[in-house]
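Throughout, protein chains are lettered first and strands after them, A, B, ... in sequence-line order, and every chain is numbered starting at 1. Just so it is clear, the structure is predicted and the values come from calculations on it, not from any experiment. Values below: all heavy atoms of this structure, side chains included; hydrogens, waters and symmetry mates excluded.
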2 protein chains.
Amino acid sequence: MPNPSAATPQPLTPDEESLVRALGQVMHVLPRAIDADMVGDRQLPLTEYTALMNLSETPDRRMRMNELAALCYLSLSGMTRTIIRLETQGLVRRERCEEDARGWNAVLTDAGYARLQEAWPSHLAAVRRRFLQHFEGFDLAQLARAFQRAGTAEPTD
Amino acid sequence: MPNPSAATPQPLTPDEESLVRALGQVMHVLPRAIDADMVGDRQLPLTEYTALMNLSETPDRRMRMNELAALCYLSLSGMTRTIIRLETQGLVRRERCEEDARGWNAVLTDAGYARLQEAWPSHLAAVRRRFLQHFEGFDLAQLARAFQRAGTAEPTD
DNA sequence: GATATTTGCTTGACCAATCAAGCTCCGGTT
DNA sequence: AACCGGAGCTTGATTGGTCAAGCAAATATC
C-alpha cells in the first residue's frame with residue numbers, strides 16, 4: 001500500500017499557518033512603514049539611515065565598502081549607489097584606502113553625524129511603536145535567538 | 001532642571017536590540033531564500049506562486065484584481081504585471097467581470113492549477129525548513145497574534 | 001436623461017535594487 | 001621586473017516593484 005504522505009506532505013497546522021501569514025504581512029508592512037515614518041519625519045530613507053548608523057558605530061566613523069554593504073544587507077553595487085546618494089548630500093565622503101589603493105572608505109562627515117543624531121529618535125520611536133510594543137511580556141532574548149537561527153540561511157541546496 | 005530624556009530618549013535594551021537586528025536580517029533573508037528555493041526547484045518565483053495559491057483557494061478559482069492584489073500584498077499595478085506574466089505562461093486567464101464591466105477576474109487555468117500542485121510541496125518544505133523549524137517549543141498562536149498586531153500598520157501620522 | 005464624479009484597472013515614467021561586465025590595483029610566480 | 005590571476009569597487013543593463021495619469025464603465029446629481 002503506497003504511502004500517501006510521500007505525494008502529499010502534511011499541511012501546516014492552523015497555528016503554523018497563521019504565524020506564516022502574519023510574518024508575511026509583517027515582512028511586507030514593517031520596512032515600508034518605518035521608512036515612511038523616517039521620510040515623513042526627517043526626510044531620511046531607511047536605507048540611508050542604516051548606512052549612516054553603521055558608519056557611526058565604528059571608532060573612526062569609516063568603513064570599507066564591502067563590510068558596510070554586508071551590514072546594510074545590500075549588494076556591493078547597491079552600497080555604491082547608496083553612498084553616492086549620501087555623498088551628494090554631503091553626509092558621507094569617500095577616501096581611498098591607505099593600505100590598499102583598490103579599496104575605498106566611506107567616511108561619515110560631521111554633517112552626516114549631525115543628520116543621524118537628528119534622525120535616530122525618530123527611528124527608535126518607529127521601531128518601538130510598530131514592532132516592540134507588540135511583544136511586551138515575551139521572552140525577547142529567546143525570540144531573538146530563534147530569529148537569528150532563521151536569519152542564518154543555509155544556501156539553496 | 002531640564003529633563004534629559006526629552007532630548008535623548010531611552011535607547012533599546014540589549015535584548016530589544018538583538019531582536020530588532022535579527023528581525024531585520026530575517027526580513028531580508030527569508031523571502032529571498034524561499035524564492036530562490038522555489039525558482040531552483042520548480043522555476044516558480046514566490047510572487048507568482050502566491051498569486052496562484054490565492055486564486056486556488058477561492059471556490060471557483062477566480063478573483064477580482066483588487067482583492068487578489070490585497071492578498072498578495074501588491075499594488076494594483078504590480079498585480080496587473082504579475083498576472084500578465086502568468087497569463088503569457090498560460091497559468092491564468094483574464095475574463096471581464098459579469099456584474100461590472102469595468103472589472104476583471106483573474107482565473108486559474110487547469111495548467112495553472114497543475115503547476116501549483118507541483119510547486120506547493122516545495123514551498124511548504126522551504127517554509128518549514130527555513131522558518132518554522134526554528135520555533136519549535138514556542139507558543140505559535142500567541143506569536144501569530146503578536147505578528148498580526150505588528151502587521152496591521154497604522155498609517156504614518 | 002445628460003453631465004459630473006467615482007471606481008476598476010492598465011499604462012507610462014520612475015526608482016532602488018540586482019547581476020554581469022569592466023577597470024584598477026595587489027600579490028605571487030617566474 | 002614583467003606577467004597573470006584574483007580582489008575591490010564601479011558602471012551598464014535589467015528587473016520587479018511603486019506612484020501618477022489615463023481610460024472606460026458605473027453611479028450619483030441635477
>> I want to check one thing: is the phosphate of D:dG17, taken as OP1 and OP2, less than 4.0 Å away from some side-chain N or O of B:Thr47?
In response: yes
> Between A:Glu57 and B:Arg21, does at least one N-O distance fall below 4.0 Å, as a salt bridge requires?
Replying inline: yes
> Looking only at side-chain N and O atoms, does B:Arg85 come under 4.0 Å of OP1 or OP2 in D:dG17?
Replying inline: yes
> Between C:dA17, C:dT6, D:dC9, which nucleotide has the shortest distance from any of its atoms to the side chain of A:Thr82?
Replying inline: C:dA17
> Under 4.0 Å between a side-chain N/O of B:Arg96 and OP1 or OP2 of C:dC9, yes or no?
Replying inline: no
>> Does a side-chain N or O of B:Asn66 approach OP1 or OP2 of C:dT7 to a distance below 4.0 Å, or not?
In response: no
> Can you check the B:Arg32 CZ to C:dA16 P distance for me, whole Å?
Replying inline: 16 Å
> Side-chain N or O of B:Arg94 less than 4.0 angstrom from OP1 or OP2 on C:dT10?
Replying inline: yes
> Of B:Ser75 and A:Leu76, whose nearest nucleotide on DNA chain D comes first from the 5' end?
Replying inline: A:Leu76
> Under 3.5 Å, is there a donor-acceptor pair linking the side chains of A:Gln148 and B:Gln25?
Replying inline: no
> Is B:Arg93 paired with B:Glu95 through a side-chain N to carboxylate O contact shorter than 4.0 Å?
Replying inline: yes
> Thinking salt bridges, do A:Arg42 and A:Asp37 make one under a 4.0 Å N-O criterion?
Replying inline: no
> Between C:dT18, D:dG16, C:dT11, which one does the side chain of B:Ile84 approach most closely?
Replying inline: C:dT11
> Contact class for A:Gly78 (heavy atom, under 4.0 Å): base, sugar-phosphate, or nothing?
Replying inline: base
>> Without decimals, in angstroms, what is the distance between A:Asp100 CG and D:dA7 P?
In response: 12 Å
> Given atom CE of A:Met63 and atom P of D:dC9, what is their separation to the nearest angstrom?
Replying inline: 12 Å
> Checking only heavy atoms, does the side chain of A:Ser77 share a donor-acceptor pair with the base of D:dC9 at less than 3.5 Å?
Replying inline: no
>> Would you compute the distance between atom CZ of B:Phe147 and atom CE of A:Met27 and round it to the nearest 0.5 angstrom?
In response: 9.5 Å
> Roughly, in whole Å, what's the span from CZ in B:Arg64 to P in D:dA25?
Replying inline: 14 Å
>> Which is more 5' along DNA chain D, the nucleotide nearest A:Arg102 or the one nearest A:His28? Just name the residue.
In response: A:Arg102
> Measuring from A:Asp100:CG to A:Arg64:CZ, what's the distance to the nearest 0.5 Å?
Replying inline: 5.0 Å
> A:Asp35 has an atom CG; how far is it from atom P of D:dG17, in whole Å?
Replying inline: 17 Å
>> Heavy-atom nearest nucleotide on DNA chain C for A:Met79 versus B:Met65: which residue maps closer to 5'?
In response: B:Met65
> Between D:dG8 atom C1' and A:Ile83 atom CD1, what is the distance in whole Å?
Replying inline: 15 Å
>> Rounded to whole Å, please give me the gap between CG in A:Leu46 and P in C:dA16.
In response: 13 Å
> In whole Å, what is the span from the CD atom of B:Glu48 to the P atom of D:dG17?
Replying inline: 9 Å
>> Between A:Arg81 and A:Ala101, which residue's closest nucleotide on DNA chain C lies nearer the 5′ terminus?
In response: A:Arg81
> From the list D:dT10, C:dT18, C:dG8, which nucleotide is the closest neighbour of the side chain of A:Leu74?
Replying inline: C:dT18
